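Small disclaimer: the values here were computed from a predicted structure and weren't measured. Each chain gets a letter, A, B and so on, in the order the sequences are listed, and its residues count up from 1. Values below: all heavy atoms of this structure, side chains included; hydrogens, waters and symmetry mates excluded.
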Number of protein chains: 2
Amino acid sequence: MEHELIRARFEAFLKTKSLKLTSQREAIFERAFATHEHFTAETLHRWMCDGDDSRGKTVSRATVYRTLGLLEDAGFIGSLDTGRGELLYEHLLGHEHHDHLVCIECGKIDEFRNDMIEDLQEKVALDHGFELVRHSLRLEGHCKDCIKVVKQRKAAGETSRA
Amino acid sequence: MEHELIRARFEAFLKTKSLKLTSQREAIFERAFATHEHFTAETLHRWMCDGDDSRGKTVSRATVYRTLGLLEDAGFIGSLDTGRGELLYEHLLGHEHHDHLVCIECGKIDEFRNDMIEDLQEKVALDHGFELVRHSLRLEGHCKDCIKVVKQRKAAGETSRA
DNA sequence: GTATATGCAAACTGTTTGCAGGTGA
DNA sequence: TCACCTGCAAACAGTTTGCATATAC
């Protein structure tokens with residue numbers, strides 16, 4: 001989806017909700033859609049404070065959290081939890097639904113979509129009398145690059161716990 | 001699996017790790033395996049303080065967290081995040097691997113197992129060069145009982161945000 | 001003009017940690 | 001005995017909130 005179009009939708013959304021188009025909301029929105037990575041609220045805040053954004057507009061932490069919540073409610077961005085007490089965001093518009101592969105070694109995140117899994121989930125929900133609203137599927141393991149590292153470490157003799 | 005057997009495994013585990021069988025660890029272990037519900041560290045702590053446990057042994061919050069971590073590392077219990085900054089535990093022994101259906105209305109948690117989904121996950125990981133270590137799949141929606149409630153609410157006129 | 005936003009700092013939640021004293025093997 | 005544990009309270013991270021001030025419409 002074109003950036004212009006997404007931007008227009010954002011403005012329309014604010015209008016219909018009688019929310020104001022403030023410079024902060026604009027900056028946060030732009031920054032969130034400028035990246036194709038996943039990011040935490042904290043990361044986004046840092047990006048904006050560090051002037052990594054050309055506009056150099058700084059925004060308070062509170063506003064970042066508030067605005068991300070807003071964007072999520074509106075469906076512009078989605079969140080997935082890292083499994084360790086943090087929320088990762090990603091923009092959704094212009095992006096098909098997908099699930100994630102997370103490398104537990106280096107943190108890399110890959111995306112995938114598998115329609116067969118999606119269909120089976122629907123079926124499972126149905127069988128249990130559930131009306132499926134959303135799902136979160138996270139596959140965790142070692143990515144291509146880390147598999148060797150992990151193997152080497154094992155070969156070098158275990159010193160790990162558990 | 002028999003309780004006695006699980007208990008024996010727990011003691012064996014402690015022994016092999018040179019960990020001590022303290023009254024606190026014993027009490028936490030027993031309490032965790034006495035329930036078939038999912039629970040948070042906080043909940044378990046409350047259960048124990050409230051003397052809901054016949055032994056009335058109280059244990060500090062810190063020890064509850066430490067012991068649950070221990071039990072998780074050892075594979076006695078598993079954790080799933082609620083999606084909102086809390087960890088839910090469940091005991092694993094005598095319990096096949098399964099995934100969860102969560103009602104976003106009443107919080108009810110159902111379990112399911114679908115081998116086809118499991119296989120497809122392996123396939124996806126393989127296709128991406130990942131070595132799969134674990135996964136977390138959470139289906140969220142409205143359970144049988146809540147579907148009506150939600151419908152009624154909708155019929156009664158939307159007052160919700162977003 | 002006024003409802004809505006913002007920034008700040010303080011509050012909150014779930015969890016972890018340092019340390020002095022206690023306890024199981 | 002002595003390494004390992006515990007309880008406490010303080011520290012932490014991520015996030016939310018109350019309130020006075022600022023701003024979009």
Taking atom types as they are modelled, is there a donor-acceptor pair under 3.5 Å from the base of dG14(C) to the side chain of R61(B)?
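No such pair is found, so the answer is no.
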
Would you kindly check whether a donor in the side chain of R25(B) faces an acceptor in the base of dG24(C), or vice versa, at under 3.5 angstrom?
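When only heavy-atom distances are counted, R25(B) does not reach the base of dG24(C) through any donor-acceptor pair under 3.5 Å.
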
Check the phosphate of [N] against [X], side-chain N and O only, distance under 4.0 Å to OP1 or OP2. Yes or no?
| X | N | value |
| --- | --- | --- |
| Q24(A) | dA24(D) | no |
| Y65(A) | dT15(D) | yes |
| T40(A) | dG14(D) | no |
| S60(A) | dT6(C) | no |

Would you kindly give the [atom1]-to-[atom2] distance between [X] and [N], to the nearest whole Å?
| X | N | atom1 | atom2 | result |
| --- | --- | --- | --- | --- |
| R66(B) | dT17(C) | CZ | C1' | 8 Å |
| K15(A) | dT4(C) | NZ | C1' | 16 Å |
| E26(B) | dC5(D) | CD | C1' | 15 Å |
| I28(B) | dT6(D) | CD1 | C1' | 10 Å |
| R46(B) | dT15(C) | CZ | C1' | 15 Å |
| L88(A) | dG14(D) | CG | C1' | 13 Å |
| L87(B) | dT16(C) | CG | P | 8 Å |
| L70(A) | dT4(C) | CG | C1' | 12 Å |

Nucleotide nearest [X] (side chain, heavy atoms from C-beta), chosen from [options]:
| X | options | result |
| --- | --- | --- |
| K20(B) | dT23(C), dG7(D), dG18(D) | dT23(C) |
| L21(A) | dT17(D), dA25(C), dC25(D) | dC25(D) |
| E42(B) | dT6(C), dT15(D), dT15(C) | dT15(C) |
| E86(B) | dG14(C), dA25(C), dT6(D) | dG14(C) |
| L19(B) | dA5(C), dC5(D), dG7(C) | dC5(D) |

Anything under 30° is parallel, anything over 60° is perpendicular, the rest tilted; go ahead and classify F33(A) against F76(A).
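Perpendicular.
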
Give the ring-plane orientation class for H91(A) versus H95(A), where under 30° counts as parallel, over 60° as perpendicular and anything between as tilted.
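Because their plane-to-plane angle lies in the 30° to 60° range, the rings of H91(A) and H95(A) count as tilted.
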
For T67(A) and for Y89(B), locate the closest nucleotide of DNA chain C by heavy-atom distance; then report the residue assigned to the nucleotide nearer the 5' terminus.
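First, find each residue's nearest nucleotide; the 5'-ward one identifies T67(A).
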
Which is more 5' along DNA chain C, the nucleotide nearest T63(A) or the one nearest T22(B)? Just name the residue.
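The 5'-side residue here is T63(A).
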
Salt bridge (charged side-chain N to carboxylate O under 4.0 Å, His left out) for R7(A) and E26(A)? Distances and angles first, verdict last.
CA-CA 9 Å; R7(A) 168 67 184 247; E26(A) 196 181 340; 3.1 Å; yes

Any heavy-atom pair between the side chains of E4(A) and R9(A) that's under 4.5 Å?
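The answer is no; the side chains never approach within 4.5 Å.
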
When rounded to the nearest 0.5 angstrom, what is the spacing between OG in S79(B) and CG in L68(B)?
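One finds 10.0 Å between OG of S79(B) and CG of L68(B).
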
Is the shortest distance from a Lys or Arg side-chain nitrogen in D119(A) or K123(A) to a carboxylate oxygen in the other one below 4.0 Å?
no

